[in-house]
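Only one structure is covered here, and it is reproduced in the block below.
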There are 2 protein chains.
Amino acid sequence: MSPRNPKAAPAGRRPAKAFAIAAPREAVAGVFAALGDPTRLKLVAVLCAGGAFSIAQLTAGTDISRQGVTKHLQVLAEAGVVSDTRQGRERLYQLEPARIEDAKRTLDAIGKQWEAALGRLKAFVES
Amino acid sequence: MSPRNPKAAPAGRRPAKAFAIAAPREAVAGVFAALGDPTRLKLVAVLCAGGAFSIAQLTAGTDISRQGVTKHLQVLAEAGVVSDTRQGRERLYQLEPARIEDAKRTLDAIGKQWEAALGRLKAFVES
DNA sequence: TCCTCAGGCAACCAAATGGTTGTGTTTCGC
DNA sequence: GCGAAACACAACCATTTGGTTGCCTGAGGA
């Protein structure tokens, strides 16, 4: 099983051309990177329970220091996964589901493309 | 521990401990971390076009060295996103869609939980 | 008012990461 | 059998990351 030969691909001998995923790869890679830490994923899991949480509240769910949590939240905010608003003397963080949707669409595109490739391969083998 | 640790949420209520995500958070965080690099995401995009690709082929699509690509592929393999098989003098890499599906389900669960929380909030406001 | 709670800022640290080059070791083609 | 292709292994390097501590500012409440 080596479909590496350009039988059905119009790409000639060139193996790897950039494939359009969904959103700009750079941006969505940032979302994945932001979710790629257990602590941050846990923070997101807490935040997706709804509402806005302060840093102290979010810290209470982890075993690292408040400043550590702050850094993680900044990473999430930079990736657009959460948004923050200052309210009084505390800063409230909230989930921003749009980027999560972007990431999900990217994963969906990967799955779809893979399935389509499997289908083509099967058709080729059966022909 | 740190003496400056904020003891708990004093006046505020407990932060919701609802982190009922899908798969083991640690494992899926590894998948996100693996996808969280632009080079690796590009490799996955190439691989999801179907079939198995050699390291040299995959290297041709990037602007880093073959050893650099090898390291990225090892990261992807460790996360279970790709699988590799030795064939002759080359090693072929292939997408492993199961873990991608896991990650997608996690993102789906986050989105669903967020929507449910929004719904509850709306119902509460309207009551 | 004064005290305390929540957070911001900065320095610092160890470990991981992303990348390189150099040197073997198989395997294929001639 | 010989040379080149494809890769593995290892050392090395700069930068980023995850985490800490210490100190400072600002907002609320008794």
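Naming: A, B, ... by sequence-line order, numbering from 1 per chain.
Every salt bridge (Lys or Arg N to Asp or Glu O under 4.0 Å) that A/Arg91 has, sequence neighbours left out, goes to A/Asp84. With sequence neighbours excluded, the residues that form a side-chain contact (heavy atoms from CB on, under 4.5 Å) with B/Arg120 are B/Ala116, B/Ala117. Partners of B/Pro97 under the side-chain contact (heavy atoms from CB on, under 4.5 Å) rule, at least two apart in sequence or in another chain, are A/Trp114. A/Ala29 meets the side-chain contact (heavy atoms from CB on, under 4.5 Å) test with B/Pro38, B/Leu41; sequence neighbours excluded. Taking B/Asp108 as the reference, A/Lys104, B/Lys112 meet the salt bridge (Lys or Arg N to Asp or Glu O under 4.0 Å) condition, with sequence neighbours excluded. Not counting sequence neighbours, the partners of A/Ser83 by the side-chain contact (heavy atoms from CB on, under 4.5 Å) test are A/Gln94, A/Glu96.
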Show each protein N/O and nucleotides 20-23 of chain C N/O combination with a separation under 3.5 Å, one pair to a line.
residue, atom, partner, partner atom, Å
C/dT20, OP2, B/Ser65, N, 2.9
C/dT20, OP2, B/Ser65, OG, 2.6
C/dG22, O6, B/Gln67, NE2, 3.2

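Taken over five-pair windows at either terminus, the axes of the helix from C/dT1-D/dA30 to C/dC30-D/dG1 are inclined to one another by 30° (rounded to 10 degrees).
Nearest-nucleotide positions on DNA chain D place B/Thr70 closer to the 5' end than the other of A/Ala33 and B/Thr70.
If you measure from atom CD1 of B/Ile55 to atom P of C/dT26, you get 17 Å, rounded to the nearest angstrom. Per the geometry, CD belonging to A/Gln57 stands 16 Å off P belonging to C/dC5, to the nearest Å. Remark: P of D/dT17 and CZ of B/Phe32 are 18 Å apart, rounded to the nearest angstrom. Rounded to a whole Å, the CG atom of B/Leu58 is 9 Å from the P atom of D/dC7. In this structure, B/Glu90 places its CD atom 15 Å from C1' of D/dA8, rounding to the nearest Å. One atom, CD of A/Gln74, and another, P of D/dT17, lie 13 Å apart when rounded to the nearest Å. Between A/Lys42 atom NZ and D/dG18 atom C1' there is a gap of 16 Å when expressed in whole angstrom units.
Contact check for B/Leu107 versus A/Leu35: side-chain heavy atoms found under the 4.5 Å cut-off.
Each side chain to side chain donor-acceptor pair (under 3.5 Å) pair with one or both residues in residues 67-81 of chain B, not counting sequence neighbours, appears once here: B/Arg40-B/His72.
A close approach under 4.0 Å does occur between a side-chain nitrogen or oxygen of B/His72 and OP1 or OP2 of C/dG19. The phosphate of D/dA6 has neither OP1 nor OP2 within less than 4.0 Å of any side-chain N or O from B/Arg91.
Considering CG of A/Leu92 and CG of A/Leu47, their distance stands at 10.5 Å, rounded to 0.5 Å. We find the CD-SG distance between B/Glu115 and A/Cys48 to be 11.5 Å, quoted to the nearest 0.5 Å.
The side chain of A/Arg89 lies closest to D/dA27 when the candidates are D/dG18, D/dA27, C/dG7.
Listed in residue order, the members of residues 75-88 of chain A having a heavy atom less than 4.0 Å from DNA chain D are A/Gly88.
When each of A/Val69, A/Thr85, A/Ile55, A/Leu76 is tested with A/Tyr93 by the rule side chain to side chain contact (heavy atoms under 4.5 Å, CB included), just one qualifies, namely A/Ile55.
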